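Keep in mind that what you see is a predicted model, and the values were worked out from it rather than measured.
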Amino acid sequence: MTTTPKTLITGASSGIGAVYADRLAKRGHDLVLVARDKARLDEIAAKLHAETAVSIEVIAADLTNEADLVAVEAKLREDAAISTLVNNAGASGAGNFALADPNEISRLISLNVTAVTRLANAVAGRFAKQGNGTIINIASVVGLAPELHMAVYGATKAFVLFLSQGLQAELGPRGVRVQAVLPAATQTDIWRRSGADMNNLPPMMKVDDLVDAALSGLDQGELITIPPLSDTSMWDAYQAARQAMLPDFAGTKPAPRYTV
Ligand code: NAP
């Protein structure tokens with residue numbers, strides 16, 4: 001007997017999340033769509049249901065709101081049909097750390113870090129027990145590039161990458177797939193929402209191309225997918241350089257340069 005796959009997507013009301021919803025519905029997944037804009041989610045659900053006949057639930061939730069986050073966690077824990085989580089909802093910041101509003105910083109960390117972590121945690125136990133399940137975390141190349149002057153946003157995305165790699169190490173051997181997707185600049189609403197100068201935007205990837213590449217990476221079994229990176233040996237070399245330091249981290253004495 002084959003069961004219909006069911007996927008919960010956060011941030012499904014626009015941009016990358018909405019394209020995941022489209023592509024996964026067309027792959028025959030039942031969906032649970034999460035975001036704040038319920039009217040928009042209902043519209044997307046009706047369209048995709050008409051096109052594909054998959055069943056689609058909508059949960060209106062502000063993932064920076066504790067009660068809403070708890071409700072989405074409960075859905076992930078209790079709905080045993082959900083076999084994939086697309087941890088996509090996120091926002092960007094305006095940069096300029098010295099001038100940043102502390103409440104805005106907290107909100108960004110709450111959405112990009114706390115919600116992502118808690119939603120992954122909500123499925124991890126069940127997926128590990130079952131020996132299957134997929135978690136897709138949307139990070140960003142900004143998490144690899146402190147030079148871009150987006151310190152808080154980049155730090156949240158570095159967190160998502162690290163979390164994904166940590167979960168790969170912990171849950172991979174138990175049958176759970178964890179993919180981190182690192183988009184570069186992509187044509188979505190995130191730019192307008194973050195207050196970016198709309199007349200001064202960088203060249204960007206089309207959002208359909210980004211999600212199709214990310215799903216291709218998933219199909220190929222990639223753990224880290226960086227859609228615009230043409231030579232993956234560069235990523236492998238980066239990981240090898242990091243791993244080469246690990247034996248030294250077990251040292252119990254300061255390195256010679258610190259001994260006087
Ligand atoms: P987007 O079009 O602005 O979509 C963001 C999604 O997150 C929307 O569905 C939004 O829906 C939802 N969301 C925002 N705040 C929320 C909250 N408090 N609670 C629940 N949902 C919330 O941007 P996008 O580019 O598709 O972003 C998706 C992910 O890709 C983000 O994690 C982003 O950091 C990452 N990313 C984007 C780019 C890029 O250049 N576009 C590059 C790298 C990484 P509602 O407003 O309806 O809540």
Side-chain angles (χ1 to χ4, degrees), residues 7-27 29 31-38 40-41 43-45 47-48 51-52 56 58-64 72 84-93 108 111-113 115-117 119-120 134-145 148 150 153-154 156-161 163-164 177-196 198 201-220 222-229:
T7 295
L8 185 143
I9 305 170
T10 67
S13 64
S14 76
I16 293 169
V19 178
Y20 266 104
D22 177 82
R23 299 305 193 263
L24 293 176
K26 286 172 180 159
R27 289 180 176 211
H29 289 227
L31 298 176
V32 183
L33 306 180
V34 178
R36 292 167 301 180
D37 186 341
K38 184 167 186 310
R40 184 71 195 121
L41 289 177
E43 225 175 89
I44 291 171
K47 176 175 175 288
L48 292 180
E51 286 173 9
T52 65
I56 305 181
V58 158
I59 301 178
D62 179 343
L63 295 172
T64 66
V72 181
T84 300
L85 164 65
V86 183
N87 232 338
N88 162 76
S92 175
L108 197 62
L111 180 63
N112 290 10
V113 171
V116 167
T117 309
L119 297 181
T134 301
I135 300 171
I136 299 170
N137 292 326
I138 308 299
S140 168
V141 295
V142 180
L144 297 175
L148 292 178
M150 297 177 80
Y153 176 71
T156 67
K157 293 303 181 174
F159 179 97
V160 174
L161 173 61
L163 178 74
S164 305
R177 295 183 67 187
V178 182
Q179 181 199 29
V181 178
L182 279 62
T186 306
Q187 288 171 14
T188 72
D189 243 15
I190 200 168
W191 299 88
R192 183 188 53 76
R193 288 179 196 240
S194 71
M198 300 304 282
L201 296 178
M204 295 192 207
M205 190 175 287
K206 291 196 170 77
V207 65
D208 295 78
D209 291 344
L210 181 275
V211 175
D212 288 336
L215 286 170
S216 168
L218 183 72
D219 293 342
Q220 293 174 48
E222 281 187 354
L223 299 181
I224 308 290
T225 297
I226 308 178
L229 183 70

Determine, step by step, whether Arg193 and Ser14 satisfy the side chain to side chain contact (heavy atoms under 4.5 Å, CB included) criterion, reporting the C-alpha distance in whole Å, the side-chain angles of both residues, the deciding distance to 0.1 Å, and the verdict.
-> CA-CA 12 Å; Arg193 288 179 196 240; Ser14 76; 3.3 Å; yes
What's the verdict on side chain to side chain contact (heavy atoms under 4.5 Å, CB included) for Asp212 and Arg23, showing C-alpha distance, side-chain angles and the deciding distance?
-> CA-CA 8 Å; Asp212 288 336; Arg23 299 305 193 263; 2.7 Å; yes
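For the pair Leu8/Val72, a side-chain contact is recorded, criterion being any heavy-atom separation below 4.5 Å from C-beta on. The closest side-chain heavy-atom distance from Asn112 to Val160 is not below 4.5 Å. In this structure the side chain of Val181 reaches within 4.5 angstrom of the side chain of Tyr20, judged on heavy atoms. Looking only at side-chain heavy atoms (C-beta outward), Ile138 and Pro183 come within less than 4.5 Å of each other. With contacts defined as side-chain heavy-atom distances shorter than 4.5 Å, the pair Leu218/Arg177 qualifies. Side-chain atoms of Val34 and Leu119, non-hydrogen and from C-beta on, never get closer than 4.5 Å to each other. Residues Thr117 and Phe159 meet the side-chain proximity criterion, which asks for heavy atoms closer than 4.5 Å. Side chains of Leu210 and Thr188 form no contact here, defined as non-hydrogen atoms less than 4.5 Å apart.
In this model, no donor atom of one side chain and acceptor atom of the other lie less than 3.5 Å apart for Asp37 and Ser13.
To the nearest 0.5 Å, atoms CG (Asn137) and CG (Leu161) are separated by 9.5 Å. With values rounded to the nearest 0.5 angstrom, Leu24 atom CG is found 6.5 Å from Ile136 atom CD1. Once rounded to the nearest 0.5 Å, the distance linking CZ of Arg36 with CG of Leu63 reads 9.0 Å. Atom-to-atom distance recorded for Gln179:CD and Leu215:CG is 7.5 Å, nearest 0.5 angstrom. With rounding to the nearest 0.5 Å, the separation of CG in Asp208 from CD in Gln187 is 9.5 Å. Once rounded to the nearest 0.5 Å, the distance linking CG of Leu163 with CG of Asn87 reads 8.0 Å.
Residues Ala25 and Leu31 approach most closely at CB-CD1, 4.0 Å, considering heavy atoms. Between Ala45 and Val58, the closest heavy-atom pair is CB-CG2, 3.9 Å. Smallest separation of non-hydrogen atoms from Ala214 and Thr225: CA-CG2, 4.0 Å. What you find for Tyr153 and Ser140 is that their closest heavy atoms are OH-CB, 3.8 Å. For the residue pair Met198 and Trp191, the shortest heavy atom distance occurs at SD-C, 4.1 Å. Here the shortest heavy-atom pairing between Gly90 and Ile190 reads O-CD1, 4.3 Å.
Judged purely by atom type and a 3.5 angstrom limit, Thr186 uses its side chain to pair as donor or acceptor with the backbone of Ala184. Judged purely by atom type and a 3.5 angstrom limit, Thr7 has no side-chain atom pairing as donor or acceptor with the backbone of Leu85. When atom types are taken as modelled, the side chain of Glu51 and the backbone of Asp22 share no donor-acceptor pair closer than 3.5 angstrom.
A side-chain contact (heavy atoms from CB on, under 4.5 Å) with Ile56 is found for one member of Leu33, Leu41, Ile44 and no other, namely Leu33.
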